[in-house]
*Asks:* 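This structure is in structure tokens; I'll ask about it shortly.
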Amino acid sequence: MTRLDLLACGVAALVLAPPAAAQSLQDQSLQDQSLQDQSLQDRGPPPAPVEGAAPAGEDQVQFSAGALEYDYNADVVTATDAVRMTREGDRLRADKVVWNRRTGRVVATGNVAVTNPEGDVAYGDSIELTDSLKDGVIDNLLVVLEQGGRLAAVRGTRDQSGNMQLERAVYSPCAVTTSDGCPKEPTWKITAVQVMYRPDRERLTFDGARIHLFGLSTPALPRFSVPLGGSSNSGLLTPQFNITQLNGVEVVLPINVVLGPDKSLVLRPHLFSSELPMMEARYSQLNEIGAFSLTAYATSSRRSGDLSGGFTTQTERAFRGYLDGVGRFQLDPNWSISTSLRLVTDRTFLRRYDISREDRLRTNVTVERIDRDSYLSLAGWAVQTLRVGDRQGAQPIALPEIDYRRRITDTPLGGVLQLQANTLAIGRKAGQDTQRGFVSARWDWRGITTTGQEVTLTAYARGDAYNTTGTAATAIASYRGIEGFQTRAIGALAADVRWPLIGELWGGFQRFTPRVQVVATPPTRNLAVPNEDARAVDLEDSNLFALNRFPGYDRWEDSSRVTYGADWALDLTGIAISANVGQSYRLNSRPSILPSGTGLSDRFSDIVGRTNVRFGEWVTLTHRYRLDKDNLAVRRNEIDATVGSRRTYATVGYIRLNRNIDIPDLQDREEVRVGGRLGIGRFWSVWGSALVDLTDREEDPTLATADGFTPIRHRVGVAYEDDCIEMGVTWRRDYQTLGDARAGNAYLLTLSLKGLGR
């Protein structure tokens, strides 16, 4: 192949063809075809860069051709036989290129393909350029866009700014071939009398357009424009349709407003047939140190009165709204700030409009510094309750919460020394106030014996100081502590020994690891200080060998004990099984502060364990349990299982707590969660889920109407998804009424055309 750099200036015009222009890949012209019949099929790879050194000047090009002719009389340059040209990122491929220097007419014909620096690839039968060398006319074109999607048209023109105007065009981001490479009709497409493509804005504007979905066509639509791919541009987003028993028909019409390259505003008006509209707005911003977003809801509707005293049917019309914000900023490699804001006007708003099902909202801000050997956190948080019967004034506000930790690896005895200082101030409008501070030191040493045992030695010491007021406002006496200033000292010594044993079994490998831990600790003044963060205590497999089996810092397990158990694992081809089981024995006879029913109140604890089973990608099972030490009655039974593939599966979750704890906020319960999806063919699926409360009055005496089978909610849906469309219908039913968030049915219709903006 001959390289002809001497004519670089003359042929430069050829690579200045419109970067998004392309031609149809059909052998037959589209002039006599309808818009629906235009081809979106591929025709060869995009042109590759010409090999060789880069051109010396801006007006020069690199090119190669099998033959080159120059007609001196007509002043015409002709390059033929696999012509390849490159200039400043633009690439051209053609069978023949002709430049008439007298008229300024430049024509590329035969298997033409052009790629611009942005990555758009244009195919066509011929491209004609004017003597401006920038604007051009293309017949029978196909444009393969870098952002995803294709445009085909009978004719296209490009102005000097790079914008393209296509006549009798069709657009679709869908696949145009099957998995076997055979041509197919895209799931949806847009046909239009005229399309304007603006590469600088990554936007398409349609005139006289119709949307075709599964062969069905809409009437002609008014002029509209859409962004390409996932680009962020102002305009309409995918609408949403719901039907609820309380609000009636709901239509959501999202509008994206771009405020800059690093910030945007999404407005989502919610229109209801049975209620006043609701406005939702989300503002997002990204900068060089982080990002944040803030979502706000606002409306006016009838709501139930104060639910703090129980259920009431009285309603009043009032302003209702919700704020939800989140942000994180990395100030430098060590310092960061994270924050979240969650506030709502009343207890039923989130459920009424199906925004959230949470029963508590937390607002917090945290400043952190992290390096290799230290950690510092300064935080503050507040809680808003949505539970019936809970007083908002009794919810805590923590400000400040300061935690500092330091790790020292170079100690005289070896091992690792961890130092910690912590302080917390909790205030309530109508409740107990607590201030706490402590300093602690923990030393851990780990070693391996000559016979393979893993030994861990631990020494722990801590000093606490508490100041408490308003203890009478706390209903549960064991949570109060003594009014005023109190101090407490904590200490512990522990030794933990594991002995991993590995061998073959059934063609695989098994690991059996017996484990023994001894903890010695003196009596501790637990009840002298309040309990704010260590209330949800329960013996589980996850905390069996913990130094302190209370969560948090306010309670310390001050009983010397020995804990014993074993881990076992089996790995076979396609099968993995792991299990553990254990129990502890208290070495002293002094009374325990652990409540009866936690599995830790007697000298012998209950027996706890966990089993995990996995068969390839088809079966996953986790079973957690606690057995009564006296009669092996099941006090905790928790199962999570999934059977099936990614497209067709069934899942079940079951938990039953039978502990007989007398503390009101730790009552027993029983519930089951089921769900599943059935794939039908390649694109269709049916799915469903349900949550049922199985708690009866024997398990929780505070429930006056519990009958052992109380459905909470269920969802059933049909969905379709392929490479460029998602759609579905969902039926949801809620069985519980809370004020104006009443039980009833709701229906959701979703339709998302992939590639049509966001």
Side-chain angles (χ1 to χ4, degrees), residues 16-25 30-31 33-40 90 112 114-124 126-130 132-174 186 188-212 217-238 255-258 724 753-758:
L16 295 176
Q23 299 178 357
S24 168
L25 300 181
L30 293 178
Q31 293 287 351
Q33 299 180 23
S34 67
L35 295 175
Q36 292 86 341
D37 293 333
Q38 293 184 38
S39 172
L40 294 168
D90 295 289
V112 179
V114 177
T115 300
N116 69 351
E118 288 74 26
D120 297 332
V121 183
Y123 301 92
S126 66
I127 296 179
E128 178 181 340
L129 304 176
T130 64
S132 67
L133 306 183
K134 292 186 178 296
D135 48 349
V137 179
I138 312 99
D139 291 326
N140 196 10
L141 64 91
L142 169 68
V143 184
V144 180
L145 302 171
E146 174 66 17
Q147 304 93 333
R150 298 158 182 262
L151 280 162
V154 171
R155 185 178 179 84
T157 59
R158 176 180 184 261
D159 59 27
Q160 295 193 14
S161 61
N163 299 328
M164 287 195 65
Q165 184 170 300
L166 312 179
E167 299 176 8
R168 298 181 61 194
V170 58
Y171 165 75
S172 179
C174 304
W188 72 269
K189 61 185 178 182
I190 300 176
T191 59
V193 175
Q194 190 175 88
V195 177
M196 174 65 74
Y197 171 42
R198 299 194 58 177
D200 57 335
R201 298 181 57 184
E202 296 185 352
R203 199 166 190 86
L204 296 173
T205 301
F206 298 90
D207 284 309
R210 299 175 186 266
I211 298 178
H212 304 262
S217 175
T218 67
L221 302 174
R223 184 178 189 182
F224 67 94
S225 65
V226 298
L228 288 173
S231 61
S232 181
N233 289 283
S234 298
L236 292 174
L237 304 179
T238 304
I255 303 172
N256 186 46
V257 181
V258 177
C724 65
L753 303 180
K754 299 179 182 179
L756 193 61
R758 296 191 296 119

*Asks:* Return the SG to NZ distance between C724 and K189, rounded to the nearest 0.5 Å.
*Replies:* 12.0 Å
*Asks:* So, R210 and T218: side-chain donor and acceptor under 3.5 Å apart, yes or no?
*Replies:* no
*Asks:* Working to the nearest 0.5 Å, report the span between CD of Q165 and OG1 of T157.
*Replies:* 5.0 Å
*Asks:* Applying the side-chain contact (heavy atoms from CB on, under 4.5 Å) test to L151, which of V170, L166, I190 qualifies?
*Replies:* L166
*Asks:* How long is the straight-line distance from CG of L753 back to CD1 of I211, given to the nearest 0.5 Å?
*Replies:* 6.5 Å
*Asks:* Got R168 and R155 here, is their nearest side-chain heavy-atom distance under 4.5 Å?
*Replies:* no
*Asks:* For E167 and V154, run side chain to side chain contact (heavy atoms under 4.5 Å, CB included): C-alpha distance rounded to whole Å, both residues' side-chain angles, the deciding distance at 0.1 Å, then the answer.
*Replies:* CA-CA 6 Å; E167 299 176 8; V154 171; 5.6 Å; no
*Asks:* When the ring planes of Y171 and F206 are compared, do they come out parallel, tilted or perpendicular, using 30° and 60° as the limits?
*Replies:* tilted
*Asks:* Identify the two heavy atoms, one from M196 and one from M164, that lie closest to each other, and give their separation to 0.1 Å.
*Replies:* SD-O, 3.1 Å
*Asks:* How far apart are the C-alpha atoms of V193 and D207, what are their side-chain angles, what is the distance that settles it, and do they pass the side chain to side chain contact (heavy atoms under 4.5 Å, CB included) test?
*Replies:* CA-CA 6 Å; V193 175; D207 284 309; 5.6 Å; no
*Asks:* Taking the side chain as C-beta and beyond, is there a heavy-atom pair between V144 and R150 under 4.5 Å?
*Replies:* yes
*Asks:* Could you tell me which non-hydrogen atom of W188 sits nearest to which non-hydrogen atom of S172, and how far apart they are?
*Replies:* O-OG, 2.7 Å
*Asks:* Under the side chain to side chain donor-acceptor pair (under 3.5 Å) rule, collect the residues that match up with T205, sequence neighbours excluded.
*Replies:* none
